[in-house]
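So that the names make sense, note that chain A is the first sequence line, chain B the second, and so on, each numbered from 1.
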Amino acid sequence: MGNPPIVDGRAPVHTFYSSKTWIEGAAVHQLEQVAAMPGIRTVAGMPDLHPGKYGPVGCAILADRIHPAFVGSDAGCGMALFALDVPVRKLRIDKAAERLRDIERPFDGDIRGEIEAAGLEPSAFDSALGTIGGGNHFCELLAVEDVVDTSFGIDRSRAHVLAHSGSRGLGHALLESQITEGLHPIDPDSEPGRAYLHAHDHAVRWATANRLLIAARAAQALRCDADFVCQCSHNCVEHRADGVLHRKGAAPSDQGLVVVPGSRGALSYLVEPLSDAPLEALASIAHGAGRKYDRASMAGRVGATKSDRERLMRNPFGGRVICEDRALLVEEAPEAYKPIAGVIADLEAFGLARVVASFRPLVTVKRVADERGRREERR
DNA sequence: ATGTGC
């Protein structure tokens with residue numbers, strides 16, 4: 001079971017974090033505000049809970065209607081993990097980092113073919129397919145740190161690739177269209193409800209195709225092949241028999257293995273969600289470490305000098321960080337995130353998941369400046 | 001988060 005629910009006439013709020021886990025009061029307040037809204041049935045807060053723009057991040061919300069705000073502006077955002085057919089010992093980190101820079105450039109392959117192969121309708125945002133995007137998105141080359149459960153076939157020697165990205169302009173346009181209409185809850189069985197779910201499902205499938213293409217580009221850049229391990233979305237909504245289930249920064253516990261990434265300076269974990277987890281967790285688990293500090297405060301925390309930036313371009317394992325956007329380099333510093341070990345410990349303590357394997361980052365690719373260096377000029 | 005903006 002989770003902690004005793006917060007109950008006072010509102011929908012029950014079940015939380016799955018210990019008293020030792022850093023949770024901002026503002027995030028708990030947002031959770032309680034959600035629970036007080038009409039038509040909300042149950043709310044589940046995960047150990048990576050933190051405040052968000054349209055509501056708390058790191059939670060699952062069961063409601064009678066669709067709340068586009070709970071899905072947020074990046075429907076379909078999620079993680080995909082692949083095993084590369086190259087052993088880590090054969091990789092030179094600096095060479096790999098140089099090669100991986102290329103994947104942040106626009107994809108110059110057959111985008112229309114990729115869209116068709118994924119069974120997607122063309123959209124106005126397809127030119128971004130296969131690219132990482134901004135914010136907390138990344139593509140990471142990893143080494144296996146430890147395999148706790150050998151039954152899933154994780155090979156200790158192989159390098160892995162983890163893609164964290166979403167639906168780019170597609171999901172953004174979807175939320176913008178809802179804001180125009182007043183951002184109110186929608187009956188899933190109404191015509192607008194069906195239209196939202198249709199556009200949402202399209203964004204989720206686009207985001208999935210995006211992650212697969214990012215990983216394929218990474219493998220191609222490293223001259224190797226990639227074998228699929230797992231993938232899921234942590235920003236999405238699902239019309240189920242028991243209601244409308246929203247996951248905002250929450251990974252599904254009913255769709256196989258899940259990667260719960262730490263910051264770019266910490267381990268990431270492959271976990272097996274447990275089928276006998278408490279129902280109050282709403283078929284969900286944490287989606288990552290969760291932010292500890294807001295973006296704006298990070299320059300003051302990690303410094304903004306040249307040597308500060310140089311430190312941020314390495315990780316504590318001797319790996320590399322490719323991020324040519326100075327502000328982003330600082331905003332997404334490892335210090336901005338909670339320690340992942342606590343999040344994993346909570347998932348295990350509350351019976352939500354167990355660890356299969358852990359990974360350490362070798363190269364994290366984020367923004368790369370384009371030819372004209374425009375992203376740097378803005379700063 | 002954002003085909004990220006005058």
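Rounded to whole angstrom, the span from the CD atom of Gln178(A) across to the P atom of dT2(B) amounts to 19 Å. In this structure, Ile115(A) places its CD1 atom 14 Å from C1' of dG3(B), rounding to the nearest Å. Glu331(A) has its CD atom 14 Å from the C1' atom of dT2(B), to the nearest Å. When rounded to the nearest whole Å, the span between CZ of Arg168(A) and P of dG3(B) equals 6 Å. Per the geometry, CD1 belonging to Ile132(A) stands 16 Å off C1' belonging to dG3(B), to the nearest Å. Atom CH2 in Trp206(A) sits roughly 8 Å away from atom P in dG3(B) (whole-Å rounding). We find that CG of Leu170(A) is positioned 9 Å from P of dG3(B), with the value rounded to whole Å. Distance, Leu174(A) CG to dT2(B) P: 14 Å, rounded to whole Å.
Nucleic acid contact for Ala173(A): none, since no nucleic acid atom lies under 4.0 Å from a heavy atom of the residue. Residue Gly133(A) is classed as a sugar-phosphate contact, given heavy-atom separations below 4.0 Å to backbone atoms only.
Aromatic rings of His160(A) and Phe82(A) (six-membered ring for Trp) have centroids beyond the 6.0 Å cut-off, not under it. Ring to ring, Trp22(A) and Tyr293(A) are close: their centroids are under 6.0 angstrom apart. Between His239(A) and His200(A), the distance from one ring center to the other does not fall under 6.0 angstrom.
Under 3.5 Å, the side chains of Asn210(A) and Ser167(A) contain no donor-acceptor pair of N or O atoms.
For the atom pair OH of Tyr17(A) and CG of Leu49(A), the computed distance is 5.5 Å after rounding to the nearest 0.5 Å.
Checked for salt-bridge contact, Arg320(A) and Asp94(A) meet the test: a charged N lies under 4.0 Å from a carboxylate O.
Contacts between residues 286-294 of chain A and DNA chain B, defined by a heavy-atom separation below 4.0 Å, involve no residue at all.
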